[in-house]
Amino acid sequence: MNAENIRIPQNLNNKNVQQIKTNTKMKNVIITSFILALVLSSCADKSQAPAAPAPPLLPVLAITSENTTTDAEYPASIQGTVDVEIRPQVSGNLERVFVDEGAYVTKGQTLFKINERPFREQLNNALASLHAYEAALINAQLEVDKLTPLVQNKVVSDYQLKTAKASQKIAAANIEQAKAMVGSAKINLGYTNVTAPVSGYIGRLPKKQGSLVSATDVEPLTNLSDVHEVFAYFSLGETDFINFKAQYAGNSIGDKLKKLPPVTLILADNNAYPQTGKIDMVDGQFDKTTGAITLRATFPNAGGTLRSGNTGKIRLGLQHDDALLVPQSATVEMQDKVFVFTVNKDNKVNKMPITVIGKSGTNYLIKDGVKTGDQIVLSGIDKLQEGQVIQPEKTSPSKVAQIITKK
């Protein structure tokens, strides 16, 4: 506003007019100073604003596909090739115990001795009956021999001869019965000497010398395990079993079993058993309760390292053709899901969920979520955010190995 252009009322005197012009000039100076201060302040803010940080330089890796093998582990229970309960076949007093718990015994070795005297007396009684019936047979034969010529000469009737021959047959039958009783008594007497049916290791001995034992006892005398070889039983679900069968050629399960590679047994301390085993049995049907089928692997155990009742895990190797591999170190897990950070053509990262179907060394096998050729961030992913721009750094195979090793 210009002071000279102000319209002044006619009724004002010169002094008042001069005062109005002076006030107007002061207002103009104040407004101009304020605008100038705003301009200078804006320029100062622009000169002092920090520059935007450069995008982080992060290693990236192009996803490739290749043939690989994954290891799957399944809980296993171990049993000897023969696990038997040693039970008494007759009742009596346990007279002797010839072995100790955990001892190795050979087939046919005597383990226990039951008091044999009652059974020996039964054998003697059966033998006595046999001898009596043998004598009765001799008498019956003599009677037949005596009557035969008399009947021929018609001295006596034919009826008497037939009666004598019937008595002879009864005596012969009694002998056969007595022989059976003798055989049964000998068997029972033999049962008083309890022997090992196979070679193996003795279990616990709940019955001690002097105990009364019976064939109807709930608890056996002991358990005996033949563990020169052991069976490792494990189960596969329906999906795993279908994939397992698809790995190997053959028209039948028997044909496929012949072509299966050796399997590894992982012991309870997570160390591998030094000798590999062979899968040699697949159960005939699935368990209706668990929906799984049982397989059996046989392992040599000449040193007796494994015993019945051991537990472990069977490690199976499954072949995968053209599998997508992603380093485990390039993934992050959140809420039971696995993610990777992919890099698009504008160098922006996207958090992408992936489906893991197995592990191969330090890599995950991926079913979906990424494809061959996609670029993923290899390290530094813990500080990345969705949509963030980075400077991708291509990595050589040797550097990839170093990054994975550090992880």
Side-chain angles (χ1 to χ4, degrees), residues 65-83 225 227 229-301 306-326 328 331 333 336-338 353-371:
S65 62
E66 59 183 77
N67 298 337
T68 187
T69 301
T70 59
D71 291 330
E73 294 182 350
Y74 301 92
S77 60
I78 298 172
Q79 297 180 14
T81 53
V82 178
D83 284 334
S225 297
V227 291
E229 286 185 333
V230 294
F231 294 146
Y233 292 92
F234 63 102
S235 298
L236 297 181
E238 288 191 61
T239 302
D240 287 344
F241 185 62
I242 292 172
N243 294 334
F244 173 76
K245 290 194 300 179
Q247 292 285 317
Y248 308 100
N251 296 325
S252 65
I253 292 295
D255 293 338
K256 294 178 182 291
L257 290 178
K258 295 177 183 178
K259 299 176 182 179
L260 294 180
V263 294
T264 302
L265 175 63
I266 306 300
L267 301 177
D269 60 358
N270 290 323
N271 290 322
Y273 182 64
Q275 300 188 65
T276 58
K278 179 70 175 177
I279 297 176
D280 55 8
M281 188 281 293
V282 177
D283 200 350
Q285 59 185 3
F286 280 84
D287 189 300
K288 295 181 180 179
T289 304
T290 62
I293 193 168
T294 300
L295 285 77
R296 183 187 73 192
T298 302
F299 291 85
N301 187 41
L306 301 175
R307 300 292 180 93
S308 290
N310 276 146
T311 59
K313 291 179 285 187
I314 292 294
R315 178 178 291 169
L316 288 178
L318 299 178
Q319 180 68 33
H320 300 269
D321 297 330
D322 296 327
L324 297 179
L325 300 179
V326 169
Q328 297 180 39
T331 64
E333 294 187 22
D336 297 331
K337 292 184 178 180
V338 182
I354 58 175
T355 303
V356 177
I357 59 174
K359 295 180 181 180
S360 177
T362 58
N363 295 321
Y364 279 139
L365 267 71
I366 307 304
K367 181 179 180 181
D368 52 38
V370 291
K371 61 183 182 299

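It should be emphasised that the depicted structure is a prediction, and the values quoted were computed from it without experimental measurement.
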**Request:** Decide if atom CG of Asp269 counts as having more than 12 heavy atoms of other residues, nucleotides or ligands within a radius under 6.0 Å.
**Result:** yes
**Message:** As an exercise, state the distance from OG1 of Thr331 to OH of Tyr364, rounded to the nearest 0.5 Å.
**Reply:** 5.0 Å
**Item:** Contact summary for Val227 and Asn301, nearest pair of heavy atoms
**Value:** O-ND2, 2.8 Å
**Item:** Point-to-point distance, once rounded to the nearest 0.5 Å, from OG of Ser65 to NZ of Lys371
**Value:** 13.0 Å
**Within-4.5 Å side-chain heavy-atom neighbours: Val326 and Asn363** = no
**Pairwise distance OG1(Thr276) to CZ(Phe299) - rounded to 0.5 angstrom** = 7.5 Å
**Request:** Give, for atom CG of Leu265 and atom OH of Tyr273, the distance between the pair rounded to the nearest 0.5 Å.
**Result:** 8.0 Å
**Request:** Locate the shortest heavy-atom distance separating Ile293 from Asp283; write the atom from each residue and the value.
**Result:** CD1-O, 3.3 Å
**Request:** Decide side-chain contact (heavy atoms from CB on, under 4.5 Å) for Arg296 and Val282; before the verdict, give the C-alpha distance in whole Å, the side-chain angles of both, and the deciding distance to 0.1 Å.
**Result:** CA-CA 7 Å; Arg296 183 187 73 192; Val282 177; over 6 Å; no
**Student check: side-chain heavy atoms of Phe234 and Ile279 closer than 4.5 Å** = yes
**Request:** Flag the pair Phe286 / Phe241 as yes when their ring centroid distance falls below 6.0 Å, and as no otherwise.
**Result:** yes
**Message:** Is it the case that the side chain of Lys278 and the backbone of Leu257 share a donor-acceptor pair, with hydrogens and angles ignored and the cut-off at 3.5 Å?
**Reply:** yes
**Item:** Gap between atom CD1 of Ile366 and atom OG1 of Thr355 - 0.5 Å precision
**Value:** 8.0 Å
**Complete:** dist Thr294:OG1 -> Met281:CE (nearest 0.5 Å) comes out at 6.5 Å
Which side-chain N or O atoms in residues 306-318 pair as donor and acceptor under 3.5 Å with protein atoms at least two apart or in another chain?
unit_1, atom_1, unit_2, atom_2, d
Arg307, NE, Gly304, O, 3.3
Ser308, OG, Gly80, N, 2.8
Ser308, OG, Asp83, OD1, 2.8
Ser308, OG, Asp83, OD2, 3.0
Ser308, OG, Ser225, OG, 3.4
Asn310, OD1, Arg307, N, 2.8
Lys313, NZ, Glu73, OE1, 3.4
Arg315, NE, Glu73, OE2, 3.0
Arg315, NH2, Glu73, OE2, 2.7

**Message:** Between Ile78 and Tyr233, does the side-chain contact (heavy atoms from CB on, under 4.5 Å) criterion hold? Intermediate values first, please.
**Reply:** CA-CA 6 Å; Ile78 298 172; Tyr233 292 92; over 6 Å; no
**Request:** Heavy atoms only: give me the nearest Glu229-Thr298 pair and the separation to one decimal.
**Result:** OE1-CG2, 3.8 Å
